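Just so it is clear: chains get the letters A, B, ... in the order the sequence lines come, proteins before strands, and each one is counted from 1. Keep in mind that what you see is a predicted model, and the values were worked out from it rather than measured.
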Amino acid sequence: MKKLNVQVVGVGGQGAILLGQILKLATLEHKNIDVVGTETRGASQREGCVDATIRYAITEEGEEYDPRRGVHGVLIPTGEADILIAMEPLEAFRNLNYVSEKTNIILNTYKILPGTVISEGLEYPEIDDMVEFMKQLTDKIFLINANELSKEVFGDFLRVNVILLGAALATEVLPFNYEEIENILRHKFKDPEKNLKALKIGYDEIKKQIS
Amino acid sequence: MAIEDLLIDEPGRILLLEGNHAMARAVLEAGVGFSSTYPGTPASEIGDILAKVGPKIPNFYSEYSVNEAVALEGAAGASWAGIRALCTMKHVGLNVASDALHTIAQTGVKGGLVLIMASDAGAYSSQSEQDNRWFSYHTFMPWIEPSTLQEAKDFIVSAFDLSEKYDVPVIVCPSSRICHGMGKIELKPFKKIPEKGKFVSDMTKYANATFFSVEHKKNLLKRIKKLSRNHLKGKLQKEIGFDYNKILEGDSKTGFITTGVSFGYTLEALEQLKIFDVPILRLGLLYPINDNLIIKFIEDRGLEKLIVVEELMPFIENRLKEIFFDAGIKIELHGKDTFPDYHELNIDIVRDHLAKLLNVETPAKIKNIQKIAKKAFTQAPRRDPTWCPGCPHRATFYTLKKVTRDQGVYGCDIGCYAMAIKPPMNMGHWIICMGAGLGVAEGMAHKTDQQVFASIGDSTFFHSGMQGMLNAIYNDSNMTLLVLENKWTSMTGQQPTQTTGLDSHLQPIQPVNIATLAKSMGAKYVRTVDPYNVRSLQTTLIDAMSRKGFKIVVCSRECALQADRTKRKKLSAITRPLPKVIYQIDPERCQKCKECISILGCPAITKGKNEEGEEYYYIETARCTNCGVCYEICPNSAITKTEINLHLEGID
């Protein structure tokens with residue numbers, strides 16, 4: 001049995017919850033993938049940090065389910081994230097406990113300043129410094145300005161989450177292929193055309209960086 | 001996931017569900033005809049789902065009750081009429097329902113009566129993380145704890161059988177991680193809900209007057225003993241179709257006993273430490289505990305060491321000590337000598353403490369990550385949750401702070417307004433429990449000459465503030481009560497309350513008028529103000545402060561989040577141009593005094609840098625809800641209000 005963990009971190013209103021749900025829904029087509037996870041609720045309209053956790057336990061063909069090797073806890077233990085999707089750079093920095101050398105970090109470089117920076121004058125660290133710091137833990141850091149891409153193509157920030165989903169798919173760590181996620185976007189959510197386009201934008205952007 | 005999916009009648013079908021949704025589904029699988037709740041996170045969504053899909057379930061009734069005591073009493077009423085009844089609440093809700101609970105337990109049930117009582121170890125959404133399992137000792141009610149989302153649903157369904165078989169209400173206790181967890185859930189068949197029941201009078205059962213009450217308790221003890229005996233013999237397992245407890249076998253002489261979500265944490269922690277051979281007993285039925293099962297678990301395997309993993313207090317551990325004393329068992333036992341008795345557990349915490357106990361090392365790699373992550377975490381500026389843009393509470397507390405020159409005493413309560421204790425307001429001087437902002441203020445005002453205020457939301461006011469207000473009026477306490485009437489139970493997810501004008505299923509109903517209520521209770525100083533009208537609130541508060549005795553100011557304005565949602569819904573159906581208001585900061589006039597950004601603290605106001613690199617403040621139009629409070633309070637009149645398309649017809 002193999003475990004695979006995805007952590008999504010961001011700020012209220014960015015669509016972290018929806019992103020988490022797509023990654024969980026995809027397992028319904030796979031009998032051999034068990035999934036547990038959770039999402040923060042209620043903080044979304046209140047300027048707080050938001051996250052979604054997705055934990056897969058994948059049973060190989062012919063293998064029996066072993067509870068001692070399954071996923072149970074809804075939070076990812078230290079260093080065990082295979083992918084960290086950071087929808088906001090500071091939130092990646094705040095959540096490095098999930099990261100180890102195996103972690104692929106998809107880092108949206110668009111900053112959302114916390115109220116404490118605006119009103120109390122606390123300092124927002126430089127993105128370059130944060131990325132440099134993260135390199136102590138993993139080399140697999142992919143930068144993408146999903147907000148800018150979304151704004152450029154769609155005129156708003158509404159597709160940031162789907163762009164980042166495409167980016168995560170490009171790492172080829174997820175237990176689903178591109179078409180499966182396309183199918184979910186096509187059948188379970190509004191605006192399939194825009195979402196499919198956003199998915200491809202994110203996917204291509206990271207593929208470019210990998211090759 | 002569409003919530004209507006919960007109504008799918010396809011046994012064996014797998015859905016992706018949140019724990020609270022899965023538990024709501026149990027209603028259909030257990031044939032429950034009545035459900036009541038007072039919203040309390042982490043369990044709020046169970047009631048919300050039932051309020052939404054309930055009207056589509058034949059013969060099913062659900063309600064948001066005014067508080068947990070009333071909710072439980074209502075559920076008992078349905079049960080005694082012979083209908084299966086569910087009552088859901090959060091852990092501290094059980095304190096409110098506790099009086100009724102103790103007597104209803106000894107009275108028993110007719111239709112099955114099950115309480116879902118969500119625990120909140122870590123107090124993520126509560127004022128305390130109290131361990132409610134002790135209520136089972138106190139009330140003699142069976143206590144069931146699921147470890148997974150699937151179990152959460154299935155245990156509830158079985159708990160109705162258990163309740164009816166042994167004539168006792170049953171508590172099912174999911175942890176907050178179960179409530180808000182998500183996973184694959186297998187659906188089971190529906191059970192038919194009877195159209196109506198019938199109450200059959202039986203004084204010797206339902207009337208707990210002095211001459212009956214000890215008899216009732218004796219009878220309850222007999223029923224629980226029978227349940228316990230049947231569990232020991234395996235009869236109960238046959239009756240309900242499965243066992244709440246389970247054992248994972250292993251050859252090691254070190255065994256584990258655990259329960260609830262701690263079971264999963266233990267499994268994953270052991271995996272990380274590469275230990276796969278320890279036998280594990282997972283208890284699902286915590287009260288009455290199965291003595292014989294535990295003794296056999298130890299003796300059959302010749303265990304030399306036993307480790308108990310449970311959240312919060314040593315509930316199981318203490319019970320084990322009693323059992324071992326009676327049975328003359330001597331064994332090395334570890335529990336709260338190793339694991340913390342506060343906060344929730346998780347895989348990391350269990351692993352690190354187990355490593356110490358089993359003399360293995362937490363991998364150095366993990367320690368290194370923890371060190372690096374902690375360094376980053378402490379450097380990252382906080383992202384505090386705050387009131388939404390346009391929240392009427394912001395205007396109320398800002399104005400109160402100003403008129404009292406921050407010299408007042410401010411009692412606070414449970415709701416969104418509890419965020420008043422955070423910067424920039426720093427105003428809630430105490431938060432205790434539902435209603436205590438007012439209750440404490442009443443007593444304090446008799447013994448101090450300070451200006452004493454208490455703030456309470458409308459939902460909390462109906463829950464447990466009304467009695468406190470009557471007390472304050474009747475004893476003429478020298479204080480000012482601010483009822484923050486935002487018309488919704490906002491903190492738990494916008495459930496309707498008694499001022500909304502909508503019932504549990506969002507159908508129109510006559511709302512309660514708090515000012516009229518206060519007057520009828522004898523209050524002489526009663527004012528209603530719109531907090532967006534800062535000047536008017538200021539004048540009212542100054543006036544109230546100049547008078548002796550009990551004053552009530554109803555600060556009435558709908559929750560900005562809900563109002564915004566309603567507006568957006570209306571707007572989405574209209575394509576024609578509409579009148580519009582835009583608030584902007586004029587950079588020429590702005591003195592950067594920070595009144596709007598740091599003292600009012602509206603998150604729709606932010607700062608940027610212009611081409612010369614100079615800092616300037618601006619209002620993010622997309623986030624601004626046009627409450628106009630910043631416009632009213634700007635000391636330099638630097639905020640402008642532009643109205644356009646005034647000749648067109650609006651939507652309100």
Side-chain angles (χ1 to χ4, degrees), chain A residues 3 11-12 20-21 24-25 27-28 31 34-43 45-49 54 67-80 90-91 93-101 112-120 122-125 130 133-134 136-137 188, chain B residues 1 14-16 18 41 45 125 147-149 177-178 180-184 248 261 263-265 267-272 276 346-348 351 365-366 369-370 372-377 379-388 416 419 423-424 491-493 561 594 597-598 601 603 605-607:
Chain A
K3 285 187 193 184
V11 180
Q21 286 185 357
K24 288 174 192 126
L25 274 174
T27 61
L28 285 178
K31 273 208 173 116
D34 190 19
V35 65
V36 296
T38 188
E39 288 143 13
T40 14
R41 289 284 165 92
Q45 289 86 16
R46 302 180 174 95
E47 311 295 314
C49 308
I54 309 100
R68 291 190 194 249
R69 288 172 172 82
V71 285
H72 307 283
V74 295
L75 301 183
I76 299 172
T78 306
E80 288 297 317
L90 180 62
E91 294 316 304
F93 194 54
R94 201 192 300 284
N95 287 291
L96 290 182
N97 54 309
Y98 297 115
V99 177
S100 64
E101 79 284 345
I112 298 174
L113 299 185
T116 54
V117 170
I118 297 164
S119 64
E120 292 176 36
L122 298 188
E123 198 186 331
Y124 191 108
M130 290 195 284
F133 189 90
M134 289 174 206
Q136 291 179 77
L137 294 170
K188 304 239 177 194
Chain B
M1 178 60 44
I14 308 275
L15 295 181
L16 181 78
E18 198 182 82
T41 310
E45 293 91 348
S125 46
S147 295
T148 66
L149 278 65
R177 295 297 179 186
I178 296 267
H180 289 153
M182 206 179 231
K184 287 181 175 181
L248 290 186
V261 285
F263 175 51
Y265 301 153
L267 288 177
E268 292 206 58
L270 287 167
E271 186 197 14
Q272 287 202 339
F276 297 100
N346 59 34
I347 299 166
D348 284 321
R351 181 202 57 230
K365 187 184 107 179
I366 291 175
I369 297 169
Q370 285 168 338
I372 293 172
K374 196 176 165 192
K375 200 171 158 197
F377 185 87
Q379 278 176 29
R382 300 184 329 270
R383 207 182 280 279
D384 292 336
T386 178
W387 293 308
C388 309
C416 291
M419 281 188 279
M491 194 64 154
T492 46
L561 182 60
K594 293 196 176 181
I597 212 165
S598 296
I605 306 175
T606 187
K607 58 185 174 186

| field | Options A:Leu90, A:Val117, A:Asn95, A:Val35, ranked by heavy-atom pairs under 4.5 Å with chain B, top entry | value | A:Leu90
| field | side-chain hydrogen bond (donor to acceptor under 3.5 Å, both in side chains) against B:Thr492, all qualifying residues, sequence neighbours excluded | value | B:Gln495
| request: Check whether B:Ile347 gets within reach of chain A through its side chain, its backbone, both or neither, counting any heavy atom under 4.5 Å. | output: side chain
| Where does B:Ile178 contact chain A at under 4.5 Å (heavy atoms): side chain, backbone, both or neither? | neither
| field | A:Leu137 portion near chain B, given a 4.5 angstrom heavy-atom threshold | value | side chain
| said: Holding to ring pair (Phe, Tyr, Trp, His ring centres under 6.0 Å), I want the full list of residues that pass it with B:Tyr265, two or more places apart in sequence or in another chain. | reply: none
| task | Take the angle between the ring planes of A:Phe93 and A:Phe133 and call it parallel below 30°, perpendicular above 60°, tilted in between. | result | perpendicular
| request: Spell out, as yes or no, whether a donor-acceptor pair under 3.5 Å connects the side chain of A:His72 to the backbone of A:Pro67. | output: yes
| Just by modelled atom types, is the A:Thr78 backbone N or O under 3.5 Å from a matching donor or acceptor in the B:Asp348 side chain? | yes
| task | Against chain B, work out which of A:Glu123, A:Met130, A:Met134, A:Glu91 has the most heavy-atom pairs shorter than 4.5 Å and name it. | result | A:Glu91
| message | Please determine whether a side-chain nitrogen of the Lys or Arg among A:Lys3 and A:Glu80 lies less than 4.0 Å from a carboxylate oxygen of the Asp or Glu. | response | no
| field | Under 4.5 Å from any heavy atom of chain A - which part of B:Thr148 | value | neither
| task | Let me know if B:Pro424 has heavy atoms under 4.5 Å from chain A in its side chain, its backbone, both or neither. | result | neither
| query | Of all of A:Ile76, A:Ile54, A:Asp34, A:Val71, which one pairs up most often with chain B through heavy atoms under 4.5 Å apart? | reply | A:Val71
| message | Shorter than 4.5 Å, heavy atoms on both sides: which option in B:Val261, B:Asn346, B:Asp384 has the most such pairs with chain A? | response | B:Asp384
| Can you find a heavy atom in the side chain of B:His180 that is under 4.5 Å from one in the side chain of A:Glu39? | no
| Closest contact, heavy atoms only, A:Gly73 versus A:Val36 | O-CG2, 3.7 Å
| task | Among B:Ala373, B:Ala376, B:Gly183, single out the residue with the greatest number of heavy-atom pairs under 4.5 Å to chain A. | result | B:Ala376
| said: If you count heavy-atom pairs within less than 4.5 Å of chain A, which of B:Lys374, B:Lys365, B:Met491, B:Met419 leads? | reply: B:Lys365
| In terms of heavy-atom pairs under 4.5 Å with chain A, which of B:Ala269, B:Pro423, B:Gly264, B:Ser125 leads? | B:Gly264
| field | Top of A:Gly115, A:Pro114, A:Ser119 for chain B proximity - count of heavy-atom pairs under 4.5 angstrom | value | A:Pro114
| request: Say whether, by atom type as modelled, one donor and one acceptor occur between the side chain of A:Thr116 and the main chain of B:Arg382 under 3.5 angstrom. | output: yes
| request: Quick one: which of B:Lys375, B:Arg351, B:Arg177 has the most heavy-atom pairs under 4.5 Å with chain A, could you say? | output: B:Arg177
